[in-house]
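Okay, so here's the structure we're looking at.
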Amino acid sequence: MPELPEVDALKDFLADHLVGRRIVRVLPVAVSVLKTYEPPLSALEGREVTAVRRFGKFLDVDAGGTHLVTHLARAGWLHWRDTLPDGPPRPGKGPLALRVALETGEGFDLTEAGTQKRLAVYVVADPRAVPGVARLGPDPLAGDFDEERFAGLLRGERRQLKGALRDQSLIAGVGNAYSDEILHAARMSPFKLASSLTPEETHRLFEALRVTLAEAVERSHGLAAGRLKAEKKSGLRVHGRAGESCPVCGDTIREVSFSDSALQYCPTCQTGGRPLADRRMSRLLK
């Protein structure tokens with residue numbers, strides 16, 4: 001799933017390629033991705049793009065006050081086309097979900113792989129009319145997001161750190177991959193209770209959160225949309241690397257599987273050398 005760093009890079013890429021250009025067609029291929037019906041997609045046509053913004057993991061293309069807001073979900077992606085194919089796309093079983101065409105002949109496609117269709121597109125007058133945007137917590141890279149505010153969010157939070165970091169209403173933009181990376185950098189168990197952190201641990205987690213995301217944003221900055229997935233994977237230290245050696249201590253990276261996801265961690269760095277068997281049998285580790 002694209003997370004804050006990749007969506008931020010997509011925002012910058014689209015700002016460079018869309019702002020000042022006019023949208024001529026918005027072509028839905030998979031109607032199920034469209035989550036709003038008023039205003040219609042056609043309200044974007046003929047409008048000039050004035051800004052591109054990011055809200056958590058949501059992309060917002062502002063066309064003179066009419067907003068195309070997209071959440072790429074787990075398997076969605078954006079593909080830039082210097083030259084769009086002639087003729088309208090044909091509905092079918094392929095991954096193409098939506099096409100946006102510019103007056104220049106350029107444009108982009110939104111696609112979604114797999115059978116679980118969660119890609120979501122909204123056309124709204126205000127991005128905060130999108131329920132997922134309205135529920136977002138603070139952006140962890142915002143200038144006013146400091147350690148005191150972070151500590152306040154975690155205070156009384158009875159969930160495990162892994163779940164708390166992924167909760168978009170608590171902190172916007174962090175998903176499965178970067179929560180693994182943040183916890184590894186902070187040297188903390190994913191099962192540790194958020195409310196149990198000492199001031200020193202809170203400081204360590206805050207620094208890991210900010211540095212991990214900032215470094216990922218820096219690595220992704222300036223890359224074309226087609227290169228972002230590979231850059232994300234190459235920069236991950238533990239996520240998706242079960243069975244490999246931890247780059248910090250050399251221990252074997254382990255995995256805990258859930259019904260629809262998995263987490264990866266280093267026992268030596270994060271759990272005092274004790275492997276976590278699975279979510280049901282593992283005790284909470286400090």
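Because the structure is predicted, anything quoted here is derived from the model rather than measured. Below, each value reflects all heavy atoms present in this structure, side chains not excepted, and no hydrogens, waters or symmetry copies.
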Output, in order, the C-alpha distance, side-chain angles, deciding distance and verdict of side-chain contact (heavy atoms from CB on, under 4.5 Å) for Leu153 and Phe145.
CA-CA 11 Å; Leu153 292 173; Phe145 187 79; 3.8 Å; yes

side-chain contact (heavy atoms from CB on, under 4.5 Å) assessment of Asp109 paired with Leu84
CA-CA 9 Å; Asp109 291 339; Leu84 287 172; 4.3 Å; yes

Could you go through Arg135 and Ser169, starting from their C-alpha distance and side-chain angles, then the distance that decides it, and tell me whether this counts as side-chain hydrogen bond (donor to acceptor under 3.5 Å, both in side chains)?
CA-CA 5 Å; Arg135 290 194 299 266; Ser169 66; over 6 Å; no

Kindly determine whether Arg241 and Gln264 satisfy side-chain contact (heavy atoms from CB on, under 4.5 Å), including the steps that lead there.
CA-CA 7 Å; Arg241 300 192 182 279; Gln264 289 82 39; over 6 Å; no

Evaluate the side-chain contact (heavy atoms from CB on, under 4.5 Å) criterion for residues His67 and Val124: first the C-alpha distance (whole Å), next the side-chain angles of each, then the deciding distance (0.1 Å), finally the verdict.
CA-CA 5 Å; His67 299 258; Val124 291; 4.0 Å; yes

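Between the CD atom of Gln160 and the OG atom of Ser189 there is a distance of 7.5 Å, given to the nearest 0.5 Å. Atom CD of Glu48 is separated from atom CZ of Arg21 by 10.5 Å, given to the nearest 0.5 angstrom. To the nearest 0.5 angstrom, Glu231 atom CD is 9.5 Å from Leu236 atom CG. Atom CG of Asp180 is separated from atom CZ of Arg237 by 14.0 Å, given to the nearest 0.5 angstrom. Here the CD-OG1 distance, from Glu106 to Thr104, works out to 3.5 Å after rounding to the nearest 0.5 Å. Atom CG of Leu170 sits about 8.0 Å away from atom CG of Leu165, to the nearest 0.5 Å.
The shortest heavy-atom contact between Arg166 and Gly175 is CG-O, 3.8 Å. When every heavy atom of Gly64 is checked against every heavy atom of Thr50, the shortest pair comes out as N-OG1, 3.4 Å. For the residue pair Arg204 and Ala186, the shortest heavy atom distance occurs at NE-O, 2.7 Å. Contact record, Leu136 with Ala172: CD2-CB, 3.9 Å, taken as the closest heavy-atom pair. In this structure, Val33 and Ala97 approach most closely via the heavy-atom pair CG1-CB, 3.7 Å. Nearest heavy atoms, Arg254 versus Pro275: NH1-CB, 3.3 Å.
No continuous path of hydrophobic side-chain contacts links Val130 to Leu68 [ILVMFWY only; heavy atoms under 4.5 Å]. A chain of hydrophobic side-chain contacts below 4.5 Å, direct or via other Ile, Leu, Val, Met, Phe, Trp or Tyr residues, connects Tyr178 to Val217. Both Leu44 and Val100 belong to a common hydrophobic cluster when Ile, Leu, Val, Met, Phe, Trp and Tyr are linked at side-chain heavy-atom distances under 4.5 angstrom. Phe150 and Leu193 fall into different hydrophobic clusters, where Ile, Leu, Val, Met, Phe, Trp and Tyr are joined by side-chain heavy atoms under 4.5 Å apart, directly or via other members. The hydrophobic cluster containing Leu27 does not contain Leu96, counting ILVMFWY residues as joined when their side-chain heavy atoms lie under 4.5 angstrom apart, directly or transitively.
The closest donor-acceptor contact from the side chain of Asp126 to the backbone of Arg128 lies under 3.5 Å. Between the side chain of Gln168 and the backbone N or O of Val174 there is at least one donor-acceptor pair closer than 3.5 Å. Thr36 contributes a side-chain N or O that, together with a main-chain N or O of Val123, makes up a donor-acceptor pair within less than 3.5 Å. A donor-acceptor contact shorter than 3.5 Å links the side chain of Glu181 to the backbone of Val238. Using a distance-only test at 3.5 Å, with no hydrogens or angles considered, a donor-acceptor pair links the side chain of Tyr265 to the main chain of Leu276. In terms of modelled atom types and a separation under 3.5 Å, the side chain of Lys232 and the main chain of Met1 share a donor-acceptor contact. Between the side chain of Lys57 and the main chain of Arg54, no donor-acceptor pair closer than 3.5 Å is present. In this structure, Arg81 contributes its side chain and Gly107 its backbone to no donor-acceptor pair below 3.5 Å. Although no hydrogens or angles enter the test, the distance criterion places no donor-acceptor pair under 3.5 Å between the side chain of Glu103 and the main chain of Val24. Remark: side-chain polar atoms of Lys162 are paired, donor with acceptor, to backbone N or O of Asn176 under 3.5 angstrom.
Proximity of Pro140 to Leu4: side-chain heavy atoms (C-beta onward) are separated by under 4.5 Å at one or more points. Inter-residue side-chain proximity for Leu161 and Leu183 is flagged as met; some heavy-atom pair is nearer than 4.5 Å. Two residues are said to be in side-chain contact when any heavy atoms from C-beta on lie closer than 4.5 Å; Thr70 and Leu72 meet this criterion. In this structure, the side chains of Pro28 and Leu98 come closer than 4.5 Å at one or more pairs of heavy atoms. Contact check for Leu14 versus Val19: no side-chain heavy atoms found under the 4.5 Å cut-off. The shortest distance between side-chain heavy atoms of Arg219 and Ser234 does not fall below 4.5 Å. The closest side-chain heavy-atom distance from Leu228 to Pro2 is not below 4.5 Å. Looking at heavy atoms from C-beta onward, Lys11 lies in side-chain contact with Val52 at the 4.5 angstrom threshold.
A search for side chain to side chain contact (heavy atoms under 4.5 Å, CB included) contacts involving Glu218 returns nothing, not counting sequence neighbours. For Phe55, there are no ring pair (Phe, Tyr, Trp, His ring centres under 6.0 Å) partners two or more places apart in sequence or in a different chain. For His71, the ring pair (Phe, Tyr, Trp, His ring centres under 6.0 Å) test picks out Phe58, with sequence neighbours left out.
In summary, the side chains of Gln270 and His184 do not present any donor paired with an acceptor at a separation below 3.5 Å, with no hydrogens or angles considered.
In this structure, Phe191 and Phe258 have perpendicular ring planes: the angle between them is above 60°, well past the 30° mark.
Within 6.0 Å of the NZ atom in Lys117, the count of heavy atoms belonging to other residues, nucleotides or ligands exceeds 12. Counted within 6.0 Å of NE2 on His221, heavy atoms from surrounding residues, nucleotides or ligands total 12 or fewer; the atom is thus considered open. Within 6.0 Å of CD on Glu148 lie no more than 12 heavy atoms contributed by other residues, nucleotides or ligands.
Under the 4.0 Å criterion applied to side-chain N and carboxylate O atoms, Arg25 and Glu45 are assigned as salt-bridge partners. Between Arg149 and Asp146, no side-chain nitrogen of the basic residue sits less than 4.0 Å from a carboxylate oxygen of the acidic one, so the salt-bridge criterion is not met.
Paired with Arg53 under the rule salt bridge (charged side-chain N to carboxylate O under 4.0 Å, His left out), one option of Asp62, Asp139, Asp8 passes, and it is Asp62.
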